[in-house]
Amino acid sequence: MANKKLLGDYPVIGIRPIIDGRQGPMMLRESLEGQTLAMAEAAKKLFEENLFYSDGTPAKVVIASHSIGRVPESVACAEEFRKKGVSITLSVTPCWCYGSETMDMDPMTIKAVWGFNGTERPGAVYLASVLATHAQKGLPAFGIYGHEVQDRDQVTEIPDDVKEKLLRFGRAAIACQTMRGKSYLQIGSVTMGIGGSIMNQEFMEEYLGLRVESVDEVEILRRMEEGIYNKEEVEKALAWTKEHCKEGRDDNPEYVDFLGEKRRIKFTKEEKEKQWEFTIKMYCIIKDLMLGNDKLPEEFKEEMLGHNAICAGFQGQRQWTDHWPNCDYPEAVLNSSFDFEGKKEPLSFATENDVLNGLCMMFMKLLTGRAQIFADVRTYWSNDAVKRVTGYELEGKAKENGGIIHLLNSGAACLDACGECTDENGNHLMKKWWDVTEDDIKKMTDATVWCEAGFDNFRGGGFSSHFVTRAEMPATMIRLNLVKGLGPVMQIVEGWTVKLPDEVTDTLMERTNPTWPCTWFTPRTTGKGAFKSAYDVMNNWGANHGAISYGHIGADLITMCSMLRIPVCMHNVDEDLIYRPSCWNAFGMDKEGQDYRACEAYGPLYKNIRK
């Protein structure tokens with residue numbers, strides 16, 4: 001199913017069967033081999049059936065060739081795993097073992113240990129011992145210990161609480177290791193003075209393991225003028241766009257008075273046709289820049305390579321958009337789960353080159369396999385304000401949580417966010433990209449129109465997508481911020497998209513830009529602090545943009561951030577769902593304080609190898 005386009009091997013999960021190494025007349029080791037291997041096989045099966053890489057390929061999982069009871073076997077396992085590309089390890093055991101002799105000592109692997117909750121030869125004792133040793137040696141590891149005691153013959157019956165931790169660890173670890181060694185490609189540089197578009201290469205390299213690649217926007221023009229694109233692809237994309245992408249409203253005036261003369265503003269039909277051709281070439285060229293394309297004209301071998309970019313951004317405003325068509329169409333379609341060739345893996349692409357928001361989209365895409373929304377966190381609407389302007393009273397979750405937040409931006413909202421797709425029970429959702437059907441694509445394109453860009457923002461023209469999210473869906477909004485003297489911090493808000501009556505949305509949209517994609521969001525509030533109400537969420541938001549994913553995935557994000565040593569400064573995830581390395585518990589009793597202190601103590605994941 002997958003069409004892997006990025007260079008770099010898949011991160012492999014390696015399972016380490018840990019065993020009591022004592023041999024002799026009592027046959028201790030021999031009596032435990034079957035039970036230990038059964039645990040490993042059960043974990044492998046769980047991972048292979050439930051974990052996927054972002055291209056839809058099931059996760060690759062290997063079990064060490066031999067159980068591990070003493071140091072030589074640990075070394076042999078490390079060498080075997082190195083050859084097999086293992087970067088994530090799960091050690092499993094039903095019994096006591098020798099901790100420091102059997103633990104994973106590789107500082108670059110992401111680690112977990114599952115100790116079986118039994119009574120005959122309790123794996124919990126080994127778990128506690130080896131986790132203490134991990135903490136002592138500065139090698140954070142996640143501990144997994146079931147709530148209920150099991151019988152020794154139940155090692156293959158993984159309890160639900162253990163499954164949840166195993167899968168949360170696996171999803172987050174795969175996401176972290178997938179980005180390692182890939183590139184962020186910035187096309188252009190800082191946009192309109194937005195801090196999020198100021199590239200910090202040290203952060204990218206030391207925290208995320210990402211390279212930074214930069215090209216000037218003029219490279220797109222060069223490729224257009226010199227024909228450095230696949231003409232068949234461009235023609236196919238243009239034909240598909242003309243058939244499926246309907247034009248929407250054009251609110252530009254015909255003329256305005258400027259310096260005593262009439263100046264024409266509205267573009268002619270012929271000019272719009274040329275803008276579409278330009279825009280489609282932009283889309284194909286940007287995709288080529290990110291991934292490479294071996295179907296370019298033969299004389300352009302170097303350009304065929306691309307930049308191996310797992311994430312990218314485009315500056316646009318203002319130097320580009322004051323003269324050339326904007327990048328809204330390429331941004332929206334790159335982030336969506338389909339294009340002119342059918343369903344595809346979304347490519348995380350940041351409008352205004354907001355690097356930090358683009359990374360947030362990438363994090364959640366890697367965790368979920370779903371397309372992501374890029375939006376301004378634009379306006380808080382209280383129930384009173386909505387009623388005053390429209391006569392409508394908010395209902396349901398929007399009323400319960402103290403209002404709604406308008407998520408609106410001209411560019412990189414995926415078309416999946418229209419919410420028109422449904423599951424087998426009729427529930428609206430944004431699907432994992434590999435589950436998208438041709439019927440789903442039709443629903444999404446039918447729900448979207450492409451409006452001529454407003455001249456006030458985009459003098460060079462172009463087309464902005466417009467849809468309204470007309471469904472209530474669970475959603476998670478996040479933002480990564482860099483703070484001088486502190487470093488990176490993450491904000492996480494779980495909530496729901498809100499379906500308003502069309503006439504209410506129309507009235508509210510006419511007060512802003514009605515030609516852009518529109519999503520209404522209400523956070524799950526707690527009545528305390530930053531989550532006292534929807535207003536307080538917006539008032540505590542750390543930047544002008546947010547990245548939004550389908551589903552409540554805050555717990556997975558918290559786990560992932562702990563792996564990357566990024567503290568979470570704001571979240572509304574239930575404390576019982578917070579899952580971080582066990583050594584975080586040594587940094588105090590409050591979860592938030594633990595996180596800050598542990599992330600500072602251990603530092604960026606890749607910093608030590610760059611000294």
A.B. asks: From K432 NZ over to S337 OG, what is the distance, rounded to the nearest 0.5 angstrom?
C.D. replies: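 Nearest 0.5 Å value for the NZ-OG distance: 12.5 Å.
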A.B. asks: When you check the side-chain N and O atoms of D556 and T559, is any donor under 3.5 Å from an acceptor?
C.D. replies: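 There is no such pair between these side chains.
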A.B. asks: Checking E120 against C95 for the side-chain contact (heavy atoms from CB on, under 4.5 Å) test, could you report, in this order, the C-alpha distance in whole Å, the side-chain angles of both residues, the deciding distance, and whether it holds?
C.D. replies: CA-CA 8 Å; E120 290 79 10; C95 59; over 6 Å; no
A.B. asks: Can you classify the ring geometry of W434 versus F52 as parallel (below 30°), tilted (30 to 60°) or perpendicular (above 60°)?
C.D. replies: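 If you compare the ring of W434 with that of F52, the planes turn out tilted.
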A.B. asks: Tell me whether K45 is salt-bridged to E41, with the criterion being a basic N under 4.0 Å from an acidic carboxylate O.
C.D. replies: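 No salt bridge links K45 with E41.
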A.B. asks: Looking at every non-hydrogen atom in both residues, tell me the closest pair between D440 and C421 and how far apart they are.
C.D. replies: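 Closest approach of D440 to C421, heavy atoms only: CB-SG, 3.6 Å.
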A.B. asks: With a 4.0 Å cut-off on N to O distance, would you call R597 and D590 a salt bridge?
C.D. replies: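 Answer for the salt bridge query: yes.
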A.B. asks: CZ of R29 to OG1 of T36: how many Å apart, nearest 0.5 Å?
C.D. replies: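 Between R29 CZ and T36 OG1, I get 9.0 Å after rounding to 0.5 Å.
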A.B. asks: Report the C-alpha distance between L210 and I310 in whole Å, list the side-chain angles of each, state the deciding distance to 0.1 Å, and finish with yes or no for side-chain contact (heavy atoms from CB on, under 4.5 Å).
C.D. replies: CA-CA 9 Å; L210 284 172; I310 194 171; 3.9 Å; yes
A.B. asks: Between NZ of K343 and CG of D435, what distance do you get to the nearest 0.5 Å?
C.D. replies: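 Rounded to the nearest 0.5 Å, the NZ-CG separation comes to 7.0 Å.
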A.B. asks: Just one of W584, Y207, Y596 clears the ring-ring contact (aromatic ring centres under 6.0 Å, His included) bar with Y602, so which one?
C.D. replies: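 Of W584, Y207, Y596, ring-ring contact (aromatic ring centres under 6.0 Å, His included) with Y602 is met by W584 alone.
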A.B. asks: Using the rule given for side-chain contact (heavy atoms from CB on, under 4.5 Å), can you reason through E148 versus Q154, listing the C-alpha separation, both sets of side-chain angles and the distance that settles it, and then say yes or no?
C.D. replies: CA-CA 12 Å; E148 301 297 333; Q154 292 181 306; over 6 Å; no
A.B. asks: Please test R152 against Q35 for side-chain contact (heavy atoms from CB on, under 4.5 Å), starting from the C-alpha separation and ending with a verdict.
C.D. replies: CA-CA 8 Å; R152 64 180 302 168; Q35 191 181 15; 3.4 Å; yes
A.B. asks: Relative to each other, are the rings of W496 and H552 parallel, tilted or perpendicular (30° and 60° limits)?
C.D. replies: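 Perpendicular, since the angle between the ring planes exceeds 60°.
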A.B. asks: Between D416 and R370, does any NZ, NE, NH1 or NH2 come within less than 4.0 Å of an OD or OE carboxylate oxygen?
C.D. replies: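 Not counted as a salt bridge, because no side-chain N and carboxylate O are separated by less than 4.0 Å.
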A.B. asks: Please find the pair of heavy atoms, one from K443 and one from T422, that lie closest to each other, and give the distance.
C.D. replies: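 Here K443 and T422 meet closest at NZ-OG1, 3.9 Å.
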A.B. asks: Check whether any side-chain N or O of N117 sits under 3.5 Å from a backbone N or O of Y145 as a donor-acceptor pair, and report yes or no.
C.D. replies: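 No.
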A.B. asks: Using a strict cut-off of less than 4.0 Å between a Lys/Arg side-chain nitrogen and an Asp/Glu carboxylate oxygen, indicate whether E472 and K397 qualify as a salt bridge.
C.D. replies: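 Yes.
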A.B. asks: Does the side chain of M103 come within less than 4.5 Å of H134's, by heavy atoms?
C.D. replies: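 Side chain of H134 against side chain of M103, heavy atoms only: contact under 4.5 Å found.
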A.B. asks: Step through the shown structure and confirm whether more than 12 heavy atoms of other residues, nucleotides or ligands are within 6.0 Å of CD on E202.
C.D. replies: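 Atom CD in E202 is not crowded, with 12 or fewer foreign heavy atoms closer than 6.0 Å.
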A.B. asks: For L127 and I144, work out which heavy atoms get closest and say how close.
C.D. replies: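 Looking at all heavy atoms of both residues, the closest pair is CD2-O, 3.5 Å.
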A.B. asks: What is the distance from atom CD1 of I15 to atom CD1 of I63, rounded to the nearest 0.5 Å?
C.D. replies: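 I15 atom CD1 to I63 atom CD1 measures 5.0 Å (nearest 0.5 Å).
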A.B. asks: Rounded to the nearest 0.5 Å, how far apart are CG of L208 and CE of M362?
C.D. replies: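 It comes to 6.0 Å.
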A.B. asks: Any salt bridge linking K607 with E205? Criterion: basic side-chain nitrogen under 4.0 Å from a carboxylate oxygen.
C.D. replies: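 Looking at E205 together with K607, the answer is no, because their closest N to O distance does not fall below 4.0 Å.
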A.B. asks: Specify the closest pair of heavy atoms between P581 and S562, including all atoms of both residues, with the distance to one decimal.
C.D. replies: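 That closest heavy-atom pairing would be CD-OG, 3.4 Å.
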A.B. asks: Any chance you could measure T526, atom OG1, to K532, atom NZ, to the nearest 0.5 Å?
C.D. replies: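 Reported to 0.5 Å precision, the distance equals 10.5 Å.
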A.B. asks: Within a radius of less than 6.0 Å around NZ of K60, do more than 12 heavy atoms belonging to other residues, nucleotides or ligands occur?
C.D. replies: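 Counting neighbours around NZ of K60, 12 or fewer heavy atoms of other residues, nucleotides or ligands fall under 6.0 Å, so no.
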A.B. asks: Any donor and acceptor pair, going by atom type alone, linking the side chain of S129 with main-chain N or O of V125 inside 3.5 Å?
C.D. replies: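 Checking the backbone N and O of V125 against the side chain of S129, no donor-acceptor pair under 3.5 Å is found.
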A.B. asks: With a 4.0 Å cut-off, would you call D339 and K287 a salt bridge?
C.D. replies: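 Looking at D339 and K287, the cut-off is met.
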A.B. asks: Is D354 paired with R479 through a side-chain N to carboxylate O contact shorter than 4.0 Å?
C.D. replies: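 Here R479 pairs with D354 in a salt bridge, since their nearest N and O are under 4.0 Å apart.
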